[in-house]
Amino acid sequence: MEDGAQVVILGPAFFRRPAPEVARDLLGKVLVRVDGGVRRAARLVEVEAYHGPRDRASHARRGPTPRAAIMYGPPGVAYVYLIYGTSHCLNVVTGLPGEPSAVLLRAAEPLEGCLHGPRGPGNLCRALAVTRARHDGMDLSGAELFLLDAPPPPERVVATPRVNVESAGPAWARRRWRFLLRGSPWVSGPRPR
DNA sequence: GCCACGATAGTG
DNA sequence: ACTATCGTGGCG
């Protein structure tokens, strides 16, 4: 960034598209968390799309409940929730307002200031000190949490079924809405060869 | 109110 | 494969 490359923060226009499209394009982008004076950053290597009210794997499947309502709101906003009482998961809201969709950030390659290995959704939040209390509903184009644009990654993009969504039924479970960079050691869960 | 159940991670 | 741990949402 100091070597002449332009620093561009991804804004609402990037996120105002269908979740699977945004998800794929997020690979290789850099998630930055400014934690007080400390900068923590990691490069996305694995994401998942949750798209539309009919996606049975999505939190929006029951409509705009208190938790999921944020998915119906404007794109480019963080959706952070607690899972299993133990781990946080960070998503970016995508699409047009009224179309519930989001991209779950599952894994990243640590670049700077990471508190933990950002492999897996819960670990990624731990690594960058992202919490529901602080970041749920936060605008992702702000000063504290944002995504930096980057050229398309050199690695091959692979699309696979999403992780742990069996309960959504076969039709939704087999959709290839998980995207990862092949060969990255930071990818979580099942890895295609 | 009550209760079953996770978009997980760590251990065995 | 087993489970810790607690917010969410369905149901009464």
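Both backbone and side-chain heavy atoms feed into the values below; hydrogens, waters and symmetry mates do not. No experiment lies behind these values; they were computed from the predicted model shown. Just so we're on the same page: letters track the sequence lines, and every chain starts at 1.
Here dG6(B) presents its C1' atom at 15 Å from CZ of Arg162(A), a figure rounded to the nearest Å. Atom-to-atom, CG of Leu82(A) to P of dT5(C) comes out at 12 Å; the value is rounded to the nearest Å. Rounded to whole Å, atom C1' of dG9(C) lies 9 Å from atom CZ of Arg61(A). The NE2 atom of His88(A) sits 11 Å away from the P atom of dC6(C) (whole-angstrom rounding). Distance His59(A) NE2 to dT8(B) C1': 12 Å, rounded to the nearest Å. If you take CG of Leu104(A) and C1' of dA7(B), they are 5 Å apart, rounded to a whole angstrom. Here dA9(B) presents its C1' atom at 14 Å from CG of Leu124(A), a figure rounded to the nearest Å. Nucleotide dG7(C) holds its P atom 14 Å from the CG atom of Asp136(A), rounded to whole Å.
Put simply, the side chain of Asp55(A) does not reach to within 4.5 Å of the side chain of Arg175(A), judged on heavy atoms. Looking only at side-chain heavy atoms (C-beta outward), Tyr72(A) and Pro100(A) come within less than 4.5 Å of each other.
A donor-acceptor pair is defined here as one N or O able to donate and one able to accept, closer than 3.5 Å; no such pair exists between the side chain of Arg178(A) and the backbone of Arg162(A).
Comparing dA7(B), dT8(C), dG6(B) by their closest approach to the side chain of Arg132(A) singles out dT8(C). Listed candidates were dA7(B), dG9(C), dG6(B). Nearest to the side chain of Thr65(A) is dG9(C). Minimum atom distance to the side chain of Asn164(A) is reached by dA7(B), of the listed dG6(B), dA7(B), dG10(B). Picking from dG7(C), dG9(C), dT8(B) the nucleotide with the shortest atom distance to the side chain of Arg62(A) gives dG9(C). Here the nucleotide nearest the side chain of Cys89(A), chosen from dT8(B), dG6(B), dG9(C), is dT8(B). Checking dA9(B), dA4(C), dC6(C) against the side-chain heavy atoms of Tyr84(A) singles out dA4(C) as nearest.
Salt bridge Arg33(A)/Glu144(A): present, at least one basic N to carboxylate O contact under 4.0 Å.
Distances shorter than 4.0 Å separate some side-chain N or O of Asn123(A) from OP1 or OP2 on dG10(B). Proximity of Arg67(A) to the phosphate of dG7(C): no side-chain N or O atom is located under 4.0 Å from OP1 or OP2. Using a 4.0 Å cut-off, no side-chain N or O of Arg106(A) falls inside it from OP1 or OP2 of dA7(B). Close to dG10(B), at under 4.0 Å from its OP1 or OP2, lies no side-chain N or O of Arg119(A).
Where pairing requires Watson-Crick or G-U contacts shorter than 3.5 Å, the helical stems of DNA chain B with at least three consecutive pairs are B:1-6 with C:6-11, B:8-11 with C:1-4.
In this structure, a donor-acceptor pair under 3.5 Å is absent between the side chains of Glu109(A) and Ser184(A).
Residue pairs meeting the ring-ring contact (aromatic ring centres under 6.0 Å, His included) criterion with at least one member in residues 151-193 of chain A, sequence neighbours excluded: His51(A)-Trp177(A).
With Leu147(A) as the fixed residue, the side-chain contact (heavy atoms from CB on, under 4.5 Å) test singles out one of Val8(A), Val32(A), Leu26(A): Leu26(A). Among Val187(A), Val47(A), Leu27(A), Leu44(A), the single residue meeting the side-chain contact (heavy atoms from CB on, under 4.5 Å) criterion with Leu181(A) is Leu27(A). Screening Leu10(A), Ile9(A), Leu31(A) against Leu148(A) for a side-chain contact (heavy atoms from CB on, under 4.5 Å) leaves a single residue, Ile9(A).
Stacking annotation: Tyr50(A) is stacked on the base of dA7(B) (ring centroids less than 5.5 angstrom apart, interplanar angle below 30 degrees).
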Please write out the pairs of protein N or O atoms and N or O atoms of nucleotides 3-5 of chain B separated by less than 3.5 Å, giving the distance to one decimal.
none

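Mapping Gly85(A) and Pro66(A) onto DNA chain C via the closest heavy atom, the residue that lands nearer the 5' end is Gly85(A). With DNA chain B read from its 5' end, the first of the two nearest nucleotides for Ser167(A) and Ser87(A) is the one closest to Ser167(A).
The heavy-atom pair separating His116(A) from Ala127(A) by the smallest distance is O-CB, 3.1 Å.
The neighbour count for Arg24(A) CZ, taken as heavy atoms of other residues, nucleotides or ligands under 6.0 Å away, does not exceed 12.
The same atom, C1', is picked in dA4(B) and in dT3(C); the two are 16 Å apart, to the nearest Å.
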